[in-house]
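Lettering follows sequence order; numbering is per chain, from 1. On a predicted model such as this, the values are computed, not experimentally measured, just so you know.
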There are 2 protein chains.
Amino acid sequence: MRYHKIPDETIRRLPIYLRGLQFLLAQPRERISSRELAEFIGTNPWQIRKDFSYFGDFGTPGVGYGIEKLITHIKRILKLDVIHKTALIGAGNLGTAVMAYQGFKVYGFDIVAAFDSSTKKIGKKINNIVIEDISNLSSLKRRKINLAVLAIPRESAQETADKLVKAGIKGILNFSPCYITVPKKIKIITIDIAMDLARMPYYMTTS
Amino acid sequence: MRYHKIPDETIRRLPIYLRGLQFLLAQPRERISSRELAEFIGTNPWQIRKDFSYFGDFGTPGVGYGIEKLITHIKRILKLDVIHKTALIGAGNLGTAVMAYQGFKVYGFDIVAAFDSSTKKIGKKINNIVIEDISNLSSLKRRKINLAVLAIPRESAQETADKLVKAGIKGILNFSPCYITVPKKIKIITIDIAMDLARMPYYMTTS
DNA sequence: GCATGTGAAAATCTTCACAGCA
DNA sequence: TGCTGTGAAGATTTTCACATGC
């Protein structure tokens, strides 16, 4: 099955496997079976084996998977084996939380620039990064930053996204609660916390 | 098709429709067609009509959908037509951002309590809510709070989730980057920002 | 024996095409 | 004519069962 198209759902799950595996690194063990990994991250063994099978032989029949080997493979598939310079757009509450979050580094993301439109914030530091004027976005291309985390109010989200695209950005993680149009070549993922909260009551048992 | 099981994917999209519709309320128009709504939120007309068809006749053939009527219906389906008292667990950077985020109110979520383990924070106010000692979680049942936003470090996430379940919580929005086990009756949705960022490079064109 | 890898079956979800109504 | 509602077709994803290798 090695030469098939990779399902999007598989790609969505790979970071979850990676997260679990990296946590397992702390334990004094080298191997893990699909059954054990499944239990650890909350899925089933078939799913894991099927997902891995798209990429080749990761494991050893009768034995299991080598944890470090698996991490290396998944990182390479996801192109996380290189450092990705990332820019933060918007240094408000959410932007500050993103800056403080240590979880990005593990995956090779390095937030090397921060922008805001408020004159009160420009020039100040956030996590040791000087906040720049948002009108200087065009410098991103020269600085070879092609990933952006967009954490600004909805009103200016589309407009700013357009500027990011012009500045050569290839991927946008959008925290603004709206749909943003970008050229097909640009990958955009929108996270709206309220959207996830909004479907909780539907599933909550009233009893 | 009115008496079929509702697909999970449909439920996942309803909040997105709702978000778009509520934004359209500001415009001086009463009706919208599936084609227009689809364009506005970035999907296609068939998907919208199919999703709505699971719940009954929302629209008028030849005319379109009434925006306000649609909002009312979707809110009722998602059980967002009542106020949901919500507790914030963890008043760190992310918790502060959650508190400041105004987007919850629109969907009927009211954050009425905040907890933290740090003695430095307990007693202080965050967005006009006094931060309580996290060891007082058991009071949630009495206060009829059955929804929690969990924004604490991974190390104590499972342990705290267990306490929340004991305190009668029915739904948990988990921001800790790990899998958490809860009884089947409890709905848990995990948001790991890094997980979404981690699959961007795979999709980004290098050219 | 034990755990992986994978075709095939089953389930789920999306897209289509068009009947039916305003 | 224009747009909704929906059975059916098509695509995708998950689950299963078991052949294969250690």
Side-chain angles (χ1 to χ4, degrees), chain A residues 1-17 20-21 24 29-74 77 199 202-203, chain B residues 1-17 20-21 24 29-74 77 199 202-203:
Chain A
M1 210 188 242
R2 205 164 305 186
Y3 302 102
H4 279 98
K5 187 194 169 290
I6 315 298
D8 280 342
E9 287 299 304
T10 294
I11 296 300
R12 195 182 54 75
R13 280 186 296 264
L14 287 185
I16 298 174
Y17 299 155
L21 288 164
L24 285 170
R29 61 182 301 175
E30 291 189 354
R31 301 186 164 282
I32 195 167
S33 69
S34 58
R35 185 179 47 75
E36 291 170 305
L37 181 56
E39 199 167 326
F40 188 67
I41 63 170
T43 179
N44 59 60
W46 323 293
Q47 187 77 84
I48 289 179
R49 293 207 301 275
K50 187 60 146 184
D51 283 341
F52 289 170
S53 79
Y54 291 113
F55 305 101
D57 299 0
F58 281 12
T60 314
V63 180
Y65 300 93
I67 295 177
E68 284 199 45
K69 188 183 167 192
L70 217 41
I71 291 176
T72 307
H73 275 144
I74 295 177
I77 293 163
R199 65 196 158 95
Y202 177 86
Y203 290 105
Chain B
M1 210 190 240
R2 205 165 303 186
Y3 300 104
H4 280 102
K5 185 194 172 290
I6 314 298
D8 280 342
E9 288 299 304
T10 294
I11 297 300
R12 195 182 54 74
R13 282 187 295 265
L14 287 184
I16 298 174
Y17 299 155
L21 288 164
L24 285 169
R29 61 182 300 175
E30 292 191 352
R31 301 187 165 280
I32 195 167
S33 69
S34 58
R35 186 179 47 74
E36 292 170 305
L37 182 57
E39 200 168 326
F40 188 66
I41 63 171
T43 181
N44 59 62
W46 322 292
Q47 186 77 82
I48 289 179
R49 293 208 300 275
K50 187 59 146 185
D51 283 340
F52 289 169
S53 80
Y54 290 113
F55 305 102
D57 300 1
F58 282 13
T60 315
V63 180
Y65 300 93
I67 294 176
E68 284 200 46
K69 187 182 167 193
L70 216 41
I71 290 175
T72 307
H73 275 144
I74 295 177
I77 293 164
R199 66 196 158 96
Y202 177 86
Y203 290 105

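B:Asn44 pairs by the side chain to side chain donor-acceptor pair (under 3.5 Å) definition with nothing, not counting sequence neighbours. When the ring pair (Phe, Tyr, Trp, His ring centres under 6.0 Å) test is applied to B:Phe52, the partners found at least two apart in sequence or on another chain are B:Tyr17, B:Phe58, B:Tyr65. Scored by the salt bridge (Lys or Arg N to Asp or Glu O under 4.0 Å) test, B:Arg12 finds B:Glu9 as partners (sequence neighbours excluded). Evaluation of the salt bridge (Lys or Arg N to Asp or Glu O under 4.0 Å) rule for B:Glu36 yields B:Arg29 as partners, not counting sequence neighbours. Not counting sequence neighbours, B:Glu39 has no partner by the salt bridge (Lys or Arg N to Asp or Glu O under 4.0 Å) test. With sequence neighbours left out, the side chain to side chain donor-acceptor pair (under 3.5 Å) criterion links B:Thr43 to no other residue. Qualifying ring pair (Phe, Tyr, Trp, His ring centres under 6.0 Å) partners for B:Tyr202, counting only residues two or more places apart in sequence or in other chains: none. When the salt bridge (Lys or Arg N to Asp or Glu O under 4.0 Å) test is applied to A:Arg49, no partner is found at least two apart in sequence or on another chain. For B:Thr72, the side chain to side chain contact (heavy atoms under 4.5 Å, CB included) partners at least two apart in sequence or on another chain are B:Arg76.
Inter-residue side-chain proximity for B:Ile11 and B:Tyr54 is flagged as unmet; no heavy-atom pair is nearer than 4.5 Å.
Spacing between atom CD1 of B:Ile32 and atom P of D:dT4 amounts to 10 Å, rounded to whole angstrom units. Look at CG on A:Asp8: it is 16 Å from P on D:dA11, rounded to the nearest Å. Whole-Å rounding puts the B:Arg12 CZ to D:dT13 P distance at 12 Å. Across the protein-nucleic acid pair, B:Arg49 atom CZ and C:dT14 atom P stand 15 Å apart, rounded to whole Å. Atom OH of A:Tyr65 is separated from atom C1' of D:dG21 by 13 Å (rounded to the nearest Å). Taking atom CZ of A:Phe58 as the reference point, atom C1' of C:dT6 lies 15 Å away to the nearest angstrom. In this structure, NZ of B:Lys50 is placed 11 Å from P of C:dT14, rounded to the nearest angstrom. The CG-P distance, from A:Asp51 to D:dC16, rounds to 15 Å in whole Å.
Closest to the side chain of B:Asp57, from the set C:dA3, C:dC13, D:dG5, is D:dG5. Taking only side-chain atoms of B:Arg35, from C-beta outward, the nucleotide of D:dC3, C:dT6, D:dG5 with the closest atom is D:dC3. Comparing atom distances between the A:Glu9 side chain and each of C:dA3, C:dT6, D:dT14 picks out D:dT14 as nearest. For A:Ser53, counting side-chain heavy atoms from C-beta on, the closest listed nucleotide (D:dA8, D:dT15, C:dG5) is C:dG5.
Annotation for B:Pro45 and B:Ser34: closest pair CB-OG, 3.7 Å, computed over non-hydrogen atoms. Among all heavy-atom pairs drawn from A:Leu14 and A:Ile74, the shortest one is O-CG2, 3.9 Å.
The rotation axes computed at either terminus of the helix from C:dG1-D:dC22 to C:dA22-D:dT1 lie 0° apart, taking five pairs at each end and rounding to 10 degrees.
Taking 4.0 angstrom as the limit, A:Arg13 places a side-chain polar atom (N or O) nearer than this to OP1 or OP2 of D:dT14. Under 4.0 angstrom from either OP1 or OP2 of D:dG7 there lies no side-chain N or O belonging to B:Tyr54. The side chain of B:Arg31 places no N or O atom within less than 4.0 Å of a non-bridging phosphate oxygen (OP1 or OP2) of D:dT4.
Contact annotation for A:Ser34: backbone-only contact, meaning every heavy-atom pair under 4.0 Å involves sugar-phosphate atoms and none involves a base. Counting non-hydrogen atoms under 4.0 angstrom, A:Phe52 reaches nothing in the nucleic acid.
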Polar atom pairs (N or O), protein with nucleotides 19-22 of chain C, under 3.5 Å:
residue	atom	partner	partner atom	Å
C:dA22	O4'	B:Pro61	O	3.1

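Annotation: proximity of residues 39-48 of chain A to DNA chain D (heavy atom, distance under 4.0 Å) is found for A:Asn44, A:Trp46, A:Gln47, numbered in ascending order.
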